Enquirer: 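Would you mind keeping the following structure in view while I ask a few things?
Since the model is a prediction, treat every value here as computed from it, not as a measurement. All values below come from the heavy atoms of this structure, side chains included, with hydrogens, waters and symmetry mates left out.
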Amino acid sequence: MQSYTIGQAARLLGVSPDTARRWADAGRVATHRDESGRRVIDGKSLAAFSVEIAQGDDEDASYTSARNAFPGIVTAIKLGDVAAQAGPHRLVSLLTREAVEELGLEVGMQATARVKSTSVHIDRT
């Protein structure tokens with residue numbers, strides 16, 4: 001399972017590293033030390049936390065986009081016979097099951113949604 005540093009988690013959540021650190025210090029999201037001694041958050045925990053803050057009205061959260069690219073973390077995947085839904089965090093994308101499988105998308109994985117006109121593309125990062 002992929003893990004994220006405090007700085008990476010902050011970028012994915014759209015907050016400052018200080019805010020992410022305060023949330024970790026307050027026990028809102030669990031961290032552990034990696035082999036280098038850095039505090040990290042495992043991907044599934046970060047995904048669950050991002051859903052939690054998206055459902056709340058957190059005054060520390062900020063929302064931004066740059067050139068129609070939305071970096072984030074996959075919080076859920078619902079596979080059908082043909083289509084798949086990746087969400088339900090701030091952005092939900094309906095894409096083919098084949099695309100989800102080719103990208104190897106999993107909960108807790110970092111991904112970037114790119115929006116152009118009425119099309120949304122998901123890039124694995």
Enquirer: What's the separation between atom CG in Asp81 and atom OG1 in Thr96, rounded to the nearest 0.5 Å?
Expert: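 Here the interatomic distance stands at 13.0 Å.
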Enquirer: Is it true that Arg22 and Asp25 make a salt bridge, defined as a side-chain N closer than 4.0 Å to a carboxylate O?
Expert: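 So Arg22 does not pair with Asp25 through a salt bridge.
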Enquirer: Heavy atoms, side chains only, cut-off 4.5 Å: are Arg33 and Arg39 in contact?
Expert: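 They are in side-chain contact.
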Enquirer: Rounded to the nearest 0.5 Å, how far apart are CG of Asp18 and CD1 of Ile6?
Expert: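 That separation rounds to 10.5 Å.
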Enquirer: side-chain contact (heavy atoms from CB on, under 4.5 Å) between Ile41 and Phe49: does it pass, once the steps are laid out?
Expert: CA-CA 10 Å; Ile41 304 167; Phe49 182 65; over 6 Å; no
Enquirer: Quick one: do Val74 and Leu95 end up in the same hydrophobic cluster if we chain Ile, Leu, Val, Met, Phe, Trp and Tyr together by side-chain heavy atoms under 4.5 Å apart?
Expert: yes
Enquirer: Under the 3.5 angstrom rule, does the side chain of Tyr4 hit a backbone N or O of Gln110 as a donor-acceptor pair?
Expert: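 The answer is yes, because a donor-acceptor pair under 3.5 Å joins these two groups.
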Enquirer: Heavy atoms only: give me the nearest Val107-Ala47 pair and the separation to one decimal.
Expert: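 Heavy atoms of Val107 and Ala47 come nearest at CG1-CB, 3.9 Å.
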Enquirer: When rounded to the nearest 0.5 angstrom, what is the spacing between CD1 in Ile73 and CG in Leu46?
Expert: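 Taking CD1 in Ile73 and CG in Leu46, the distance rounds to 3.5 Å.
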Enquirer: Would you check if Arg28 and Ile53 make a side-chain contact, meaning some heavy-atom pair closer than 4.5 Å?
Expert: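 Answer yes - side chains close enough.
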Enquirer: Would a single hydrophobic cluster contain both Leu103 and Val100, if residues Ile, Leu, Val, Met, Phe, Trp and Tyr are joined by side-chain heavy-atom contacts under 4.5 Å?
Expert: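 Yes, Val100 connects to Leu103 through the hydrophobic network.
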Enquirer: By side chain to side chain contact (heavy atoms under 4.5 Å, CB included), which residues pair with Val40, not counting sequence neighbours?
Expert: Ser3, Thr5, His32, Asp34
Enquirer: Just checking Gln2: does its CD atom have more than 12 heavy atoms from other residues, nucleotides or ligands closer to it than 6.0 angstrom?
Expert: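 Count over threshold, so yes.
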